[in-house]
Structure formats: structure tokens, C-alpha cells
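Just so you know, ligand 1 is whichever comes first in the structure, and atom 1 is the first atom listed for that ligand.
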Amino acid sequence: MAATRSLSRTVALIKINHPPVNALSTPVCEALIKEFAEAIKDPSIEAIVLCGANGKFCAGADIREFSSASRRTVSLEGINAEIESSKKPVVAAIEGVALGGGLELALSCHYRVAHIKAVVGLPEVLIGILPAAGGTQRLPRLIGIPAALDIIVRGRHVPATEAFQLGIVDEVVQSSAIDAAVQMARKVIGKPLASRRLSTNTVQYNINVDAFLDTALEKAKRQFRGAQAPLACIDAVRASAQLPYQRGIEKERQLFASLWATGQPQAQQYAFFAERNVGKWTLPSGERWDNVRPCPVRTAAVIGLGTMGRGIVTSLSKANIPVIALEQDTKQLDLGKKAVNGLLEREAEKLKKQGSSSPDGNGLGSVHFTLNFEDLKEVDLVIEAVYENMNLKKEVFRKLSSVMKPDAFLCTNTSGLDIDEIASVTHRPELVIGTHFFSPANIMRLLEVVRGRHTSPTTIATAMSLGKTLGKVAVLVGNCPLFVGNRMLGPYLDQANYLLEEGYYPEEVDQALEEFGFAMGPFRMMDLAGLDVGWRSRMEKGLTGSRVPPGTPARQREGKRYCPLADMLCELGRFGQKSGKGWYQYEKPGGRNARPDPWIRDFLDKYRNTYHIKQQAISPEQILQRCLYALINEGFRILEDGIASGPEDIDVIYNNGYGWPKHRGGPMFHASAVGLHEVLMVLEGYHKANPDVPSMKPSFLLKKLAAVGGPPIKEWRTQLGKLPNKL
Ligand code: 3H9
């Protein structure tokens, strides 16, 4: 039964029962309508408590129904209006979550009681829509415009204690919220309900609402770069202050429909489910997420306390896992310790604010700093995060293999080195795995988990489960140079560099990609990461520096186009933010405010003159096509090589690790939305005119999918089934 009713004397208890999160599917809504109607009609019932089964109130509308052919036939706001107008008091008993339509349902009840560990919120904006069952009209009527706007536009989860302070819930309890709600229901039987019906109230404010919302709108336009849902949320909240309730509801409905027509909700809802699906990994041998048990990680160690190591230690400690942090000498250890302690202090402060610190500590795992490898003997899992150099990593793994207990897992935080080569120096290659964190590792949600040739299913299960414990989105990928995210970045950055050769300036290319929605354009991103990182790797490969054979043309390597601009900047000490100059200039070394640099303009003009490069007229649209389709084409090659198990995996990586705008779903989703034939035509045209850029040669898989009419992304896997799988 989607919703059931039982009785506690004269109080009816209506329970939503739709595992796993009690989402409001059509059958649930139909059952709610029926149960409420009967409870309201039944003369023996004096009050009603609404709750959810299995410790969860309700996670909102059933998102799966939005995209299905059988779009909702039942109006959630209709149900809410029925509940609110009931003459018998209705109390919501909130346990676990009351999100989206779940909170809207609770707001239509006359009273709300929450368990202390519950969270409430209107996170619709995160899936490309707005609360459309009265949430944008009732919440401002309850807590005012600024607080409601903050919750609706950011889609944040509000802990019960804060919800109580804001007035969203009437009581917070440590024990059963259902029992407390029944008690409250009994207390309020016969009391007047008029003031408890939020739709009949007016929004209270003592601010200039228009000016306040205009400022919020401008800020949201800058912050969310092209995402329409936050702007629609602001419009809807404005309606709550300006219009009577019913007209506000009409506005909410109109805004919902116009958002749907933008295609953004479909992209964000695809991304929502993709994030959940990537956790359900499957190996070609049949082992899967649900038939391989992960080993518990009770203690962990981190080797190297550079930027990445510090973030990883903090991340483990945040998950309440005791960590041993190891450095090679006292100076590095002291530096690392100071930095980690600073990060941990900030985390402890956050936990305190959320009320999550426990009475016996600050809620963080202990960190022990050491110089001694022997201290790692008993640890369950180690993450090596030393400098990105194969010989150094092998030296560390040799030591780890001899020191650590035989069943300890050995993880390497590398952004692209060969896992098999690292594993080859150990006695236990089956326990070696890549864990590619993204900087800052205590904040960024992505974790690429890289399977080596010998990595065992248990090791995979353990690394994937650790990712979840750390609050990350872990994606399993195969072992190849640069794995998935960084491998796709190569052709994208090449195109960005070629655009400079052809007449553009860094800020123009960045602007086009930032207007598309990227958090950062390619040149600002390179400056942030440090230009010297790529330069050193190109020197090691003999692409630049003293190992380039004499007579090699400046703009060619092995017959392929090569852009030496970044090398030239590095030779001049322009490494990006860290040196105060790179593609941009900064206020000081380590500064963050990128300003266009006239020196760069001059440098590029001279460069183009030297090599007699004719300026080309390229539209911003073409900038996007060249950079994005280069990235996408490499994504198809990755699928072809069996390095990622599906397009969702690639999209989750880009959405969570590379600043891809979520309202565009991810690069592979974008390709399917644009049309694979269109992508193919552009790549073919470019490659024909530029045969010396092989990365733009359309991939076999793209051609194959385009040839069968460019099927929707969810059907690509059928085609992928016949390709190799390196997972
Ligand atoms: C809405 O309410 C619109 C209204 O304003 C009015 C419209 C007219 N529907 O995340 P998890 C599934 S829009 C369907 O792994 P957790 C999820 O896919 C909705 N399915 O667990 C997964 O399935 P599977 C507004 C949903 O404990 C399983 O549940 N609400 C929904 O880490 C477990 O999920 C939201 O946006 C749903 N609404 O986190 C809330 N929610 O097992 C979205 C979850 O097959 N949900 N599933 O992979 C969440 O934020 C998290 O899922 C939640 C639990 C915090 C609830």
C-alpha cells in the first residue's frame, strides 16, 4: 500500500509507504487523497497525523515520473489544498527527510514536529525546476522573504534545529516524532485553525522587497551562469509578496512549464540519476556493487602532506576515520601539520554550527603526524599523495608493501600515472588501486577510482565505499594515461591554445566558455592549476626543452600540430596564479583576481607575426564547438576503449570535477542534446581542413551512433556492449 491509515484513539495516522524515500508517485498521491478523504469524513476521528514509513517523511515528487510518458495526472498542490482546508487539525511528523514536495506537503499541514536528526528543504532548483506544489508561496508566508529565498534558491538541506529557529517546524524532539505529533494533535483538537493555514496569511516584510529581489536576481545570474531554475525561483518568491495566494500558485505553475521547455530540468534530472547510477559498478566478470562486500576502513594513512595530501587527511578526518599522516622530513611535516590543523579547525567550527559535534569530541577523526613508516603497520588503508613522479611513487609503494599488514589496501592519488606500473613493485598488486582526488580534496566531490589490471573486486568495492563514506561521488574507471577527466581535457586545451594562435585572446576564449556555464574558462583554469605542471610533463616526454631534436619546427611534433605558447610562458617564469603571472596577471604571487594582461596581447601579436599566422574570423559559437567537441570526441574514444563503462560516468566526472554546468547534463549528454550528427559534421569539417590535429578525427563510436540515427543517450549502452571493457 502506498499510504496506510491506522488509529491512535481519535487520531488517525496516515503513513506514506513507498521505499526507498517515500517519493510522491501517482499511486502514493492517489492513496493520500483516499486516506485523507476517509479520515476527514469519519466522525470518530478528531485529528490526523501524517508521517512516512521507515524513518523518512518524504523526499518529494517522484522524479522518475517527470520524464516518463505518464506525466503526473494528480495535482500535488490540489492535495495540499485539501489537507490545509481540513477542519480537523493535521500534524506532520517529520523524520529523516522532508524535501521538495515532501516539505510542501508538511507546509500544508497545520503543525509540524521534527526529529532532531531530520532535514527539511526545497531542493527542486538542483534538479532544474522550482517547488511547484505551493512551496514558493507558503514558505515565504511562514518565514519571510529573505530566509525563504535562501532556502529555495540554494536548494539547501536545513537541519531540524535551524528549521525550528526559523519557524518552519513547531517542535523538535529527540525521540519518536510520530509519538510527539500524536500528542500535539490531541492537544490542538478543537483549537481554531485559521491562522495555521499558510495560504490564507500574507507575507510579512519590512524591507524593500523589489530592491531586495532585484539584487538577488543579479547575483543569481552571475553565480549560476545560464541556469534558469534559480531565476524562476526568485520570480516565484516575488509573486508570493505581490499576488494573492491563488495567483501566486498560477505563476508557480507557469514558471514550472516554461522551465520544462528550456530542456534544463531534463539535463539536471539525468545528472541526478547518473550520480546515483555510477555507484552501481559492474565488472565484465560479473562482480558488482551488490555482490562484492567492501572491507571496513577503520584507520587510514596518507603519505605526503602537499596540497592534495592535506585535503585527503582532512576529508578522512571529517568522515571520523582516524588518520596517520606521514611526511619525509621535519620541515615538511611541520608545514603539513599546521595546514591540516587549520583545515580541521574550520571543519570543527562547521560541525559545531550544525550541532553535529558529539559530546565526547568535535566529531572529527584523530590525526597523528609522523615521519616513521613503521607507524603504518596496522592501518587498514593508505593513500599515497606524493609528488606526481613515477620513480618516487614506486619507491613509496615498495616501502608500503614491506611495512603494512598483508591485507592493507594501497591507494595512489595520481592524476594519470600507470597504476599497473606502480602496483608492479608491490607483493600485492590485487590490493593496489588508483584514487584520484580533485583539489581541494576536502571540498571537491569527485573521486576517480582507477582499476589496475590486477586490482581485486574487493579492493574496488572498498575504494568505492570509502568514496561514499567521504561524501564523494566515486566513479570507477579503467587504467590509461590520464584516466578519464584529464585525458578529455587534453584535446580541449589544445583547441583553446590554437584559438590564441589564430587571433583570440585568453579572456575572449574564457568568456565564451564561461557564458556556456563553465565555472572557469580554460586559461583561468590553467593559471589556477599551474602552467609548470604540464610544462614539466611535456619536457619529460621530449616535446619541449633540451630533448627536442634540432631542426624540429616550432609548431609541429612528429607531424602533428603543436602549440608552444604555454612552454614559452613557462620559460619566462609565468606559471599562473602561483607566480602572479600566467595567461593573466594577478595582484601578487598567489593572488586570485585574474586581469587581462596587455603584455600577453603584445606577446600573442608578435607570435602571430613571427609565424605569419592569419587572424581568422571565428564566432563565439565556433569557439564553443571546437573546444567542446574536441572534449566530447575524446569522451567517445574513452567509451570505445572501455575506460569508462558508460556516458553517465563521463558526465558525472565532468559535472563534479571539472566545473561543467550541471544544467547542461555533462559533455556526453550535451552531445546527445545537440545531436550526434551535428557534432560529427563539425568534427569532420575541422579534421578535413586540419589533418595535422588527429584528436579531432571523429571517433569510431561517434560515427557508429550517428549512423544509426543518434539514439538517445540511455540507448548508447546497447551499442557499447559490443566494445572492449577495461573495467
Ligand atoms: C519535487 O518535489 C517537485 C515538487 O515541488 C512539485 C512538482 C509538481 N524521486 O540519493 P540516494 C531515489 S521534485 C524518485 O542514493 P541518500 C534515488 O534515485 C523532488 N526517486 O539516497 C535512489 O534510487 P536507487 C524534490 C528518488 O540516502 C534512492 O532513492 N526532492 C527521489 O543518499 C536513494 O537515493 C529532491 O530533489 C525522488 N524524489 O539520499 C530530493 N529521491 O536506489 C532528491 C531519491 O534506485 N533526493 N530517489 O538508486 C535526495 O536528495 C536524496 O535522494 C535523499 C536521500 C536526501 C532523499
Counting heavy atoms only, which of Arg253, Lys468, Glu124, Arg276 comes nearest to atom 17 (C) of ligand 1? Arg276

Options Gly134, Ala61, Ser25, Gly135, ranked by nearest heavy atom to atom 38 (N) of ligand 1, top entry: Ala61

Exactly one candidate in Lys472, Lys662, Lys468, Lys280 meets salt bridge (charged side-chain N to carboxylate O under 4.0 Å, His left out) with Glu275; the answer is Lys662

Give the ring-plane orientation class for Phe66 versus Phe256, where under 30° counts as parallel, over 60° as perpendicular and anything between as tilted. tilted

Working note: Leu24 + Cys58, criterion side-chain contact (heavy atoms from CB on, under 4.5 Å); need CA distance, chi angles, decisive distance, verdict. CA-CA 7 Å; Leu24 298 163; Cys58 169; 3.5 Å; yes

Part of Glu104 within contact of ligand 1 (heavy atoms, under 4.0 Å): side chain

Just to be sure I'm reading this right: ignoring hydrogens, which of Asn277, Asp62, Leu130 gets closest to atom 20 (N) of ligand 1? Compare them by their nearest heavy atoms. Asp62

Only heavy atoms of Arg64, strictly under 4.0 Å: list the atoms of ligand 1 that pass. 18 (O), 23 (O), 45 (O)

In ligand 1, which numbered atoms sit nearer than 4.0 Å to a non-hydrogen atom of Pro131? 5 (O)

Give yes if a backbone or side-chain nitrogen or oxygen of Ile63 is under 3.5 Å from a nitrogen or oxygen of ligand 1, and no if not. yes

Any nitrogen or oxygen of Gly101, main chain or side chain, under 3.5 Å from a nitrogen or oxygen of ligand 1? yes

Which of these passes side chain to side chain donor-acceptor pair (under 3.5 Å) with Thr136: Glu124, Lys251, Glu252, Arg238? Glu252

Between Val209, Leu139, Ile152, which is the residue that forms a side chain to side chain contact (heavy atoms under 4.5 Å, CB included) with Val237? Ile152

Quick check: do Glu448 and Phe437 have side-chain heavy atoms less than 4.5 Å from each other? no

Out of Gly100, Gly102, Ala132, whose heavy atom is nearest to atom 8 (C) of ligand 1? Ala132

For ligand 1, does Pro20 get within less than 4.0 Å through its side chain, its backbone, both, or neither, judged by non-hydrogen atoms? side chain

Given the ring of Phe518, does Arg225 sit roughly above its face, with NZ or CZ under 6.0 Å from the centre of the six-membered ring and within 45° of the axis? no

Could you tell me, atom by atom, which parts of ligand 1 come under 4.0 Å of a heavy atom of Gly60? 2 (O)

If you look at every heavy atom in Ser315 and Ala441, which pair is closest and at what distance? OG-O, 3.8 Å

Is the terminal nitrogen or CZ of Arg247 (NZ for Lys, CZ for Arg) located under 6.0 angstrom from the six-membered ring centre of Tyr245 and within 45° of that ring's axis? no

N/O of Ala59 under 3.5 Å from N/O of ligand 1, yes or no? yes

What do we get for Leu126 next to ligand 1 when only non-hydrogen atoms under 4.0 Å count, side chain, backbone, both or neither? neither

From the candidates Phe272, Phe256, Phe66, the one that places a heavy atom nearest atom 49 (C) of ligand 1: Phe272

Would one find an N or O of Val21, backbone or side chain, under 3.5 Å from an N or O of ligand 1? no

With a cut-off of 4.0 Å, which atoms of ligand 1 are near a heavy atom of Phe273? 18 (O)

Under 4.0 Å from a heavy atom of Lys280: give me the atoms of ligand 1 that qualify, with their elements. 24 (P), 42 (O), 45 (O), 48 (O)

So Arg156 and Glu162, salt bridge (Lys or Arg N to Asp or Glu O under 4.0 Å) or not? Walk me through it. CA-CA 12 Å; Arg156 72 184 177 91; Glu162 186 190 342; 2.6 Å; yes

Is His115 close to Ile94 at the side-chain level, that is, under 4.5 Å between some pair of heavy atoms? no

